[in-house]
Each structure stands twice: as C-alpha cells, then as structure tokens.
There are 2 protein chains.
Amino acid sequence: MTEAKILLEERGIRPTQQRMAVLRYLRDNRNHPTVDTIYSSLHDRMPSLSRTTLYNTLRLLSSAGLALSLTIEGDEIRFDGDTSDHGHCKCRRCGGVFDFPLPETLPLDLPDGFLGESVHIYAWGTCRRCASLS
Amino acid sequence: MTEAKILLEERGIRPTQQRMAVLRYLRDNRNHPTVDTIYSSLHDRMPSLSRTTLYNTLRLLSSAGLALSLTIEGDEIRFDGDTSDHGHCKCRRCGGVFDFPLPETLPLDLPDGFLGESVHIYAWGTCRRCASLS
DNA sequence: ATTTTTTTTGTAACGGTTACAAATTTAGAA
DNA sequence: TTCTAAATTTGTAACCGTTACAAAAAAAAT
Ligand SMILES: [Mn+2]
Ligand SMILES: [Mn+2]
Ligand SMILES: [Zn+2]
Ligand SMILES: [Zn+2]
C-alpha cells in the first residue's frame with residue numbers, strides 16, 4: 001500500500017491511478033513545478049493522462065490540503081506537495097523557487113479586527129548558484 | 001502642475017493625459033483595483049481610453065516604480081499606487097484587500113547564499129466588517 | 001509647413017484554464 | 001460472472017484575460 005494511496009483514502013478520495021501518480025510526483029519532487037512540468041514528467045509513464053484530469057486533480061489535492069498552489073507571479077501557478085508552513089523565494093535569474101523556514105511566531109500587525117488565518121511569504125532575489133556565476 | 005505630472009516627468013516619462021489619469025487614479029484610490037476596476041472608473045471621463053493603453057501604462061508605471069502589481073491569487077492582478085513597504089491581507093468573504101505595516105526588520109532565514117531583494121507578504125482571513133456580520 | 005517620432009487605439013491572435021459530453025473505468029448488486 | 005449505476009477520465013471546444021500588431025492620432029523636431 002503506497003503512501004499516496006493512504007493519504008487519499010484517509011480523506012475519502014478514490015485513489016485512482018492518475019491521482020496517485022500526481023500526488024506521488026508532488027511528494028517526490030520538491031521543485032515547485034508548474035502544471036506543464038508535471039504534465040511532461042508524468043506523460044512518459046502515463047501517456048493517456050489528459051491536461052483536464054491534471055487540472056482537476058491539482059484542484060482536488062489543493063482543496064483537500066494535500067498540496068499548495070503558489071501564485072508567486074501572475075503568469076504561472078506552481079504547486080507544492082509540502083503543505084507545512086514555510087516561505088518561498090524565487091531567483092530572478094534562473095527562475096528557481098526555493099523553500100525557507102519561517103519563525104515560530106511572525107509578528108504581523110494586521111488591521112484592527114482582521115482575523116488572520118494563513119500567511120504566504122514570497123521573497124525575490126538571486127540564488128546562490130546564480131550569484132556565484134555572476 | 002499636478003502631482004502625477006511631476007512624478008512622471010521626474011522619471012523621464014511623457015505625461016500624457018492617459019498616463020496622468022491612471023497614475024492619479026492609483027494615487028487617489030487605495031483600494032488595490034483590478035485592471036477592469038480602473039478601466040470602468042476612468043471610462044466615464046475618458047471614453048476613448050483603450051484597454052491596451054491601460055495595460056501598457058500599468059506595466060510602464062510598475063517598471064518605473066510608481067505602482068506595484070500584486071498577484072495575491074492567480075486569477076487576478078491588483079495594482080497599488082502605494083509603493084512603500086507594506087503587507088497585504090485579503091478577506092475571504094468580501095474579497096477586499098487591505099494594507100498593514102511591516103516591522104522594520106523582518107527576520108527571514110533565507111537559504112544559504114540567497115541574496116534577497118524584496119519581500120511580499122500576503123495574509124488571508126476575515127476582515128472586521130465581515131466578521132461583525134457573521 | 002513638413003517631416004519624424006511617439007503614443008494611442010481597435011482588432012486579431014495567443015495561451016492557460018475551464019466546460020462539456022462522450023468514452024472509460026470502477027464499484028456494487030444480482 | 002454478468003449486469004447496472006455511479007464516478008472518473010479524456011479530447012475538444014469555448015472562454016477570457018492579456019498581448020501583438022498595424023493603422024490612426026498626437027506631439028515634437030526641423
Ligand atoms: Mn515549498
Ligand atoms: Mn497596498
Ligand atoms: Zn538562480
Ligand atoms: Zn470582508
């Protein structure tokens with residue numbers, strides 16, 4: 001019994017081949033892939049996979065709390081199989097997205113009366129590799 | 001001499017009627033409008049304004065540092081005439097976007113060697129008005 | 001006035017996402 | 001197993017926000 005299958009069944013989601021493949025991909029690849037990256041990677045092993053199913057599955061996983069959809073920039077959505085609390089930074093040169101830990105308590109001065117539920121933190125800059133290639 | 005005109009000229013951008021109107025709108029309305037919100041608002045006073053000009057102008061203002069483009073969620077880009085350092089929170093119920101101040105120094109533990117340049121912080125939750133209407 | 005450059009405009013194209021109905025798969029009953 | 005109903009997947013077409021493009025208009029230079 002695979003981990004992906006268990007996670008899906010725990011949430012009452014039928015563990016179809018497509019859903020297991022997408023979830024397994026997200027949990028094995030922490031590269032914050034786009035839809036097309038996932039599609040290209042899975043297409044080898046699952047040639048019949050359609051983009052519609054991929055979109056539907058990613059939305060399903062997101063709403064089930066099994067994945068995050070990150071909108072760092074408006075023109076691309078990236079997905080993350082790591083749903084724990086963490087920040088993201090994107091390299092302006094190579095486009096890579098990386099994780100970084102957040103402090104236990106982030107002192108945010110939200111507007112008076114605003115009930116905060118979640119926070120996303122995105123940083124931009126230059127990653128180590130690109131900085132060393134300057 | 002209007003404020004918008006001065007700001008544009010200071011940056012070597014020709015202060016056309018369209019550019020001044022868009023910049024004035026952004027500086028007078030701190031409601032983080034979408035493209036269509038701006039378009040609808042300006043269309044009364046400037047019926048000939050085209051969407052293409054609006055898109056071009058918003059990109060011009062953003063790259064000139066006179067406006068911010070916020071991608072809080074993937075399906076809509078919002079603009080902000082306040083380019084100072086501040087965070088944003090969005091109400092899940094009414095969709096409103098609000099400002100909040102950021103601490104002087106935010107202790108972010110970026111990946112080793114990553115050179116951070118800017119940070120965007122987005123919070124989700126329920127605004128005061130919507131919470132009081134529960 | 002004439003020419004040149006810049007900007008704006010309207011239309012068409014583009015690309016990512018979604019809607020939809022048919023085909024397939026799956027689960028359960030007989 | 002075989003049949004039936006429900007759920008899922010698939011491929012195509014539509015949708016919609018954005019961008020490309022060329023003509024028109026406006027502004028600046030000569
Ligand atoms: Mn991540
Ligand atoms: Mn703001
Ligand atoms: Zn890089
Ligand atoms: Zn609200």
Side-chain angles (χ1 to χ4, degrees), chain A residues 1-2 4-5 7-9 11-25 32-64 66-79 95, chain B residues 1-2 4-5 7-9 11-25 32-64 66-79 95:
Chain A
M1 187 85 119
T2 80
K5 188 170 186 177
L7 287 168
L8 290 169
E9 288 179 339
R11 287 163 179 77
I13 300 170
R14 273 199 213 176
T16 64
Q17 292 301 316
Q18 290 85 347
R19 289 167 178 172
M20 285 192 290
V22 174
L23 181 54
R24 204 179 311 125
Y25 179 88
H32 308 91
T34 64
V35 171
D36 277 345
T37 301
I38 303 171
Y39 183 79
S40 302
S41 299
L42 296 182
H43 197 259
D44 294 336
R45 294 175 163 275
M46 189 175 274
S48 75
L49 179 70
S50 75
R51 281 196 158 78
T52 298
T53 297
L54 182 52
Y55 278 108
N56 288 341
T57 300
L58 289 170
R59 178 167 35 200
L60 182 68
L61 295 179
S62 296
S63 63
L66 288 170
L68 297 176
S69 73
L70 310 173
T71 59
I72 300 179
E73 282 170 323
D75 57 352
E76 64 174 14
I77 302 177
R78 286 164 173 265
F79 293 88
Chain B
M1 188 87 119
T2 79
K5 188 171 186 178
L7 288 168
L8 290 168
E9 287 178 340
R11 287 162 179 77
I13 299 171
R14 278 201 208 170
T16 64
Q17 291 301 317
Q18 291 83 350
R19 289 168 179 171
M20 287 192 289
V22 174
L23 181 53
R24 204 177 313 126
Y25 180 89
H32 307 91
T34 64
V35 172
D36 277 346
T37 301
I38 303 171
Y39 183 78
S40 303
S41 298
L42 295 183
H43 198 260
D44 294 336
R45 294 174 161 276
M46 190 175 272
S48 75
L49 180 70
S50 76
R51 280 196 158 78
T52 298
T53 297
L54 183 52
Y55 279 107
N56 288 341
T57 300
L58 289 169
R59 177 165 38 200
L60 182 68
L61 296 179
S62 296
S63 64
L66 289 171
L68 297 175
S69 73
L70 311 174
T71 59
I72 300 179
E73 281 170 322
D75 57 352
E76 64 173 16
I77 302 178
R78 286 164 173 264
F79 293 88

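Keep in mind that this is a model prediction, so the values were computed, not measured. So you know, we letter chains A, B, ... as the sequences are listed, proteins then strands, and number each from 1.
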At 4.0 Å (heavy atoms only), tell me whether [X] reaches a base, stays on the sugar-phosphate, or touches nothing.
X     : answer
B/T16 : sugar-phosphate
B/R51 : nothing
A/E76 : nothing

When the distance from [atom1] of [X] to [atom2] of [N] is rounded to whole Å, what number comes out?
X     : N      : atom1 : atom2 : answer
A/L54 : D/dT8  : CG    : P     : 17 Å
B/D36 : D/dC15 : CG    : C1'   : 15 Å
B/L58 : D/dT19 : CG    : P     : 10 Å
B/I77 : D/dC16 : CD1   : C1'   : 13 Å
A/Y55 : D/dA14 : OH    : P     : 19 Å
B/Y39 : D/dG17 : OH    : P     : 13 Å
B/E73 : D/dG17 : CD    : P     : 16 Å
B/D75 : D/dT18 : CG    : P     : 10 Å

Contact interval (first through last nucleotide) of DNA chain C with protein chain B, 4.0 Å heavy-atom:
C/dT6 to C/dT11

Would you say [X] and [Y] make side-chain contact, with heavy atoms under 4.5 Å?
X     : Y     : result
B/L61 : B/L8  : yes
B/L7  : B/R11 : yes
A/V35 : A/I77 : no
A/K5  : A/L23 : no
A/L60 : A/N56 : no
B/T37 : B/H32 : no

Upstream residue (5' side of DNA chain C) when B/I13 and A/T52 are each assigned their closest nucleotide:
B/I13

If you round to the nearest 0.5 Å, how far is CG of A/L58 from CG of A/L66?
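It comes to 11.5 Å.
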
Hey, which sits more toward the 5' end of DNA chain D by its nearest nucleotide, B/R14 or B/N56?
B/N56

